[in-house]
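Let me begin by handing over the structure; questions about it come next.
One is the number of the first residue; the rest follow in order along the sequence.
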Amino acid sequence: MTGRFKPGYAGARYQPMIAYPVRGVATLWETTPPPPPDALAALIGRTRAGILTTLAEPATTTALARRLRLTPGAISQHLSVLNASGLVSRTRVAGTVLYRRTTRGDALTE
């Protein structure tokens with residue numbers, strides 16, 4: 001045997017692998033987002049304020065829709081407005097799009 005890994009070979013102790021940390025694991029057990037501050041909700045609307053406060057951790061449109069109990073289409077429309085105003089940014093990661101608050105969005109939620 002030449003040292004190459006062959007499936008089923010009893011002497012092969014390790015297989016090469018790549019591992020990536022999980023994003024958003026801190027919010028895994030949360031089922032409802034925190035309530036938006038009243039002043040923020042009055043300024044940009046309760047739904048957009050809820051989306052913005054929920055984006056304390058990056059999330060996808062589908063994850064936001066589940067947490068906020070809205071349709072993905074509605075979330076997408078609100079995210080488009082928030083993105084155009086510079087409050088959130090989007091990043092494509094392996095076939096999904098993650099949304100996160102920008103520094104402007106952080107300042108507004110504080």
Are L40 and L108 side-chain neighbours, meaning at least one heavy-atom pair lies under 4.5 Å? yes
Donor-acceptor pair, side chain of R104 and main chain of S85, under 3.5 angstrom: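 Side chain of R104 to backbone of S85: a pair is present.
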Main-chain N/O of G50 paired to T54 side chain as donor or acceptor, under 3.5 Å: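 Between the backbone of G50 and the side chain of T54 there is a qualifying donor-acceptor contact (under 3.5 Å).
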Does a side-chain heavy-atom distance below 4.5 Å link R48 with V81?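 Yes, close enough: below the 4.5 Å cut-off.
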Give, for atom CG of L79 and atom CG of L64, the distance between the pair rounded to the nearest 0.5 Å.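 Going from the CG atom of L79 to the CG atom of L64 covers 6.0 Å.
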To the nearest 0.5 Å, tell me how far I75 CD1 sits from L68 CG. 5.0 Å
When you measure from the side chain of T102 to the backbone of L87, do you find a donor-acceptor pair of N or O atoms at a distance under 3.5 Å?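 Answer holds: yes.
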Report the residue from T60, L82, L55 that forms a side chain to side chain contact (heavy atoms under 4.5 Å, CB included) with Y99. L55
Looking at L52, is its backbone amide N or carbonyl O close enough to the side chain of R101 to form a donor-acceptor pair, meaning the two atoms are under 3.5 Å apart? yes
4.5 Å side-chain heavy-atom contact, V88 and R100: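 Result no, sub-4.5 Å side-chain heavy-atom pair not found.
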